[in-house]
Participant: 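There's a structure below that I have some questions on.
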Amino acid sequence: MSTYIDVPALARVIAVSLLVGAGLPALFAVGVRALAPVEGRTSRSGLRVAAATLCFAICAATVLYGVYRIVATGGH
Amino acid sequence: MDGLPLLVVVVVTALAFDFTNGFHDTANAMATSIATGALRPRVAVALSAVLNVVGAFLSLTVAATIAKGIVDQDAVTLSVVFGGLVGGIIWNLVTWYFGLPSSSSHALIGGLVGAVLVAAGTSGVEWSGLVSKVIIPAVIAPVAAGLVALSGTWLVYRITRRVAGAERGREFRFGQIGSASLVSLAHGTNDAQKTMGIILLALIAGGQLPQDAGVPDWVVFACAAAMGLGTYLGGWRVIRTLGKGLVDIESPQGMAAETTSAAVILVSSHFGYPLSTTQVASGSIMGSGVGRRTPVRWGTARRMVVAWLVTLPAAAAVGATAETISRALGAAGNVIVLGLLITASAAIYLRSRRAPVDRHNVNDEWREPASEPAAPAMV
């Protein structure tokens with residue numbers, strides 16, 4: 001099997017993909033939840049807005065890093 | 001047809017393949033954004049086209065190779081390249097007609113393998129390379145992407161289960177646009193580069209450029225334009241299948257699926273294990289449906305998998321036929337193959353007009369089987 005499948009490379013691909021591909025949407029979801037109105041309150045607390053901003057900022061930074069990777073490697 | 005005329009035909013055919021590549025693969029990036037209304041259909045394909053063009057200009061490391069490690073590079077003559085491109089184009093158009101997302105790279109590789117088999121026999125194909133670089137990754141790609149998208153989607157819905165649907169939808173639509181854009185950019189960089197490599201190879205083989213030449217500017221412009229135009233015209237039939245035919249997509253789920261696609265494509269090529277964009281995107285969308293616990297239309301999924309299995313042999317059969325005609329009849333054979341290519345493409349296009357899918361009906365309710373909508377064609 002291992003002559004046909006580069007097992008270490010594949011394992012790394014799946015591990016990092018899980019971290020980024022599932023982790024980022026989860027982080028984005030945390031941001032969305034932080035911004036959602038809380039029952040019995042009229043205004044959002046500063047802490048929640050800060051947490052949401054941080055989540056969205058990490059997501060945006062990762063996307064920019066993705067663009068940087070594409071530009072830096074000039075394809076694959 | 002030898003020398004310059006054949007070279008010109010090969011270059012133009014390569015650009016035509018590049019066009020079908022953009023055309024066929026718009027769906028991978030934009031199907032979910034169009035399905036959830038994150039982007040209006042025309043805006044989505046325009047954004048994807050621009051990013052594909054930008055991506056094409058970022059393709060710095062163009063190698064004058066075609067399917068390296070899969071076919072013996074010495075067996076690759078201009079005529080073989082032509083046969084391979086014909087196989088790739090025809091298969092892209094057939095799968096587009098049936099609205100099936102299938103890998104453009106696989107179609108091209110299939111066409112080439114068929115042409116090489118005729119030109120150089122079985123020793124011209126590096127079978128272990130074909131298995132390890134094409135066939136096994138094709139099995140792994142949808143499974144890996146599906147697993148990641150399943151996990152991401154499940155997490156997203158778990159975390160936001162108390163957030164009102166309308167508000168959640170609005171925010172996730174922004175996320176969808178970002179992740180879909182990344183997929184488009186990666187596609188432009190990856191796939192335009194392959195066509196540039198083919199044209200560079202043809203120019204060197206045809207004696208128009210020295211052995212160590214880089215890509216001429218006009219090749220970069222032409223490839224970027226061909227792919228951008230194809231992307232903008234949008235393979236609506238494939239977009240419809242991926243966006244509506246597999247699962248019903250909501251924006252949080254679309255965002256998870258598209259982020260998965262971008263992550264798997266970029267990470268896999270980073271670790272030197274590149275996976276097909278089409279198979280990754282299709283796997284992501286299916287996985288996201290499972291992750292949200294909505295029914296997946298397995299009938300559509302089954303048709304897609306059949307198309308993936310058939311891609312290599314079918315494109316190979318077309319490539320082999322083209323190369324057989326070219327070898328038997330020489331220059332006249334190339335002309336006949338070109339004529340057949342144009343006739344077949346026109347026939348497929350005209351047939352598609354009987355039941356057109358475009359930006360107006362791309363999001364209509366899905367009916368099984370949808371590859372042949374029963375409604376009579378308009379226009």
Side-chain angles (χ1 to χ4, degrees), chain A residues 1-41 44 48-49 51-76, chain B residues 55 58-62 128 131-132 135-136 140 144-145 147-164 167-168 171-172 174-175 178-179 181-182 185-186 189-190 192-194 252 255-257 259-264 266-275 284:
Chain A
M1 279 303 262
S2 58
T3 49
Y4 289 114
I5 304 183
D6 185 351
V7 176
L10 181 63
R12 272 191 298 243
V13 168
I14 292 180
V16 179
S17 294
L18 264 177
L19 189 70
V20 181
L24 270 196
L27 194 64
F28 194 92
V30 171
V32 169
R33 183 173 174 177
L35 279 186
V38 182
E39 255 179 80
R41 287 204 195 182
R44 295 182 177 121
R48 279 175 160 266
V49 174
T53 309
L54 182 66
C55 289
F56 294 140
I58 295 173
C59 291
T62 314
V63 170
L64 289 178
Y65 179 70
V67 173
Y68 165 75
R69 289 291 324 177
I70 295 173
V71 174
T73 52
H76 316 287
Chain B
L58 295 175
S59 309
L60 305 172
T61 51
V62 177
S128 65
V131 172
S132 65
I135 295 173
I136 289 178
I140 290 171
L147 184 74
V148 175
L150 191 161
S151 318
T153 307
W154 185 82
L155 283 171
V156 162
Y157 277 86
R158 174 107 188 108
I159 293 167
T160 61
R161 70 188 186 284
R162 285 190 228 284
V163 181
E167 177 169 5
R168 184 174 70 179
E171 282 152 356
F172 274 103
F174 282 105
S179 49
S181 298
L182 207 52
L185 189 66
T189 320
N190 246 337
Q193 176 170 299
K194 285 178 196 154
M255 189 266 185
T259 307
T260 297
S261 299
V264 173
L266 292 175
V267 169
S268 66
S269 55
H270 175 70
F271 286 117
Y273 202 84
L275 299 174
S284 298

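Here is the naming used below: chain letters follow the sequence lines, and residue numbers restart at 1 for every chain.
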Participant: Counting heavy-atom pairs closer than 4.5 Å to chain B, which one of A/G31, A/A36, A/A60 comes out on top?
Facilitator: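 Ranked by heavy-atom pairs under 4.5 Å with chain B, first place is A/A36.
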Participant: Which one wins on heavy-atom pair count under 4.5 Å against chain A: B/I159, B/V131, B/L150, B/I140?
Facilitator: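 Going by pairs under 4.5 Å, I would pick B/I159.
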Participant: Does any heavy atom of chain A fall under 4.5 Å from the side chain of B/Y157, the backbone, both, or neither of them?
Facilitator: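 No part of it gets close to chain A.
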Participant: With A/V13 as reference, evaluate B/S268, B/S269, B/P274 under the side chain to side chain contact (heavy atoms under 4.5 Å, CB included) test and give the passing residue.
Facilitator: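 That would be B/S268; it is the only one of B/S268, B/S269, B/P274 passing the side chain to side chain contact (heavy atoms under 4.5 Å, CB included) with A/V13.
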Participant: Can you tell me how far apart CG (A/L35) and CD (B/E171) are? Round to the nearest 0.5 Å.
Facilitator: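 Interatomic distance, A/L35 CG to B/E171 CD, rounded to 0.5 Å: 5.5 Å.
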Participant: So for atom CZ, which belongs to B/R162, do other residues, nucleotides or ligands contribute more than 12 heavy atoms lying within a distance under 6.0 Å?
Facilitator: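 Count not over threshold, so no.
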Participant: When heavy-atom pairs shorter than 4.5 Å are enumerated against chain A, which of B/L275, B/V267, B/L155 gives the highest number?
Facilitator: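 Heavy-atom pairs under 4.5 Å are most numerous for B/V267.
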Participant: Counting only heavy atoms not in B/F174, do more than 12 sit closer than 6.0 Å to its CZ atom?
Facilitator: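 Not buried by this count: 12 neighbours or fewer within 6.0 Å.
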Participant: Give the member of B/L147, B/V264, B/T153, B/V156 that has the highest number of heavy-atom pairs under 4.5 Å with chain A.
Facilitator: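 Highest number of pairs under 4.5 Å: B/V156.
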Participant: Under a 4.5 Å cut-off applied to non-hydrogen side-chain atoms, are A/V32 and A/F56 in contact?
Facilitator: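 Heavy-atom side-chain distance check passes, below 4.5 Å.
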Participant: Side chain, backbone, both or neither: which part of A/L19 has an atom under 4.5 Å from a heavy atom of chain B?
Facilitator: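 Neither the backbone nor the side chain of A/L19 comes within 4.5 Å of chain B.
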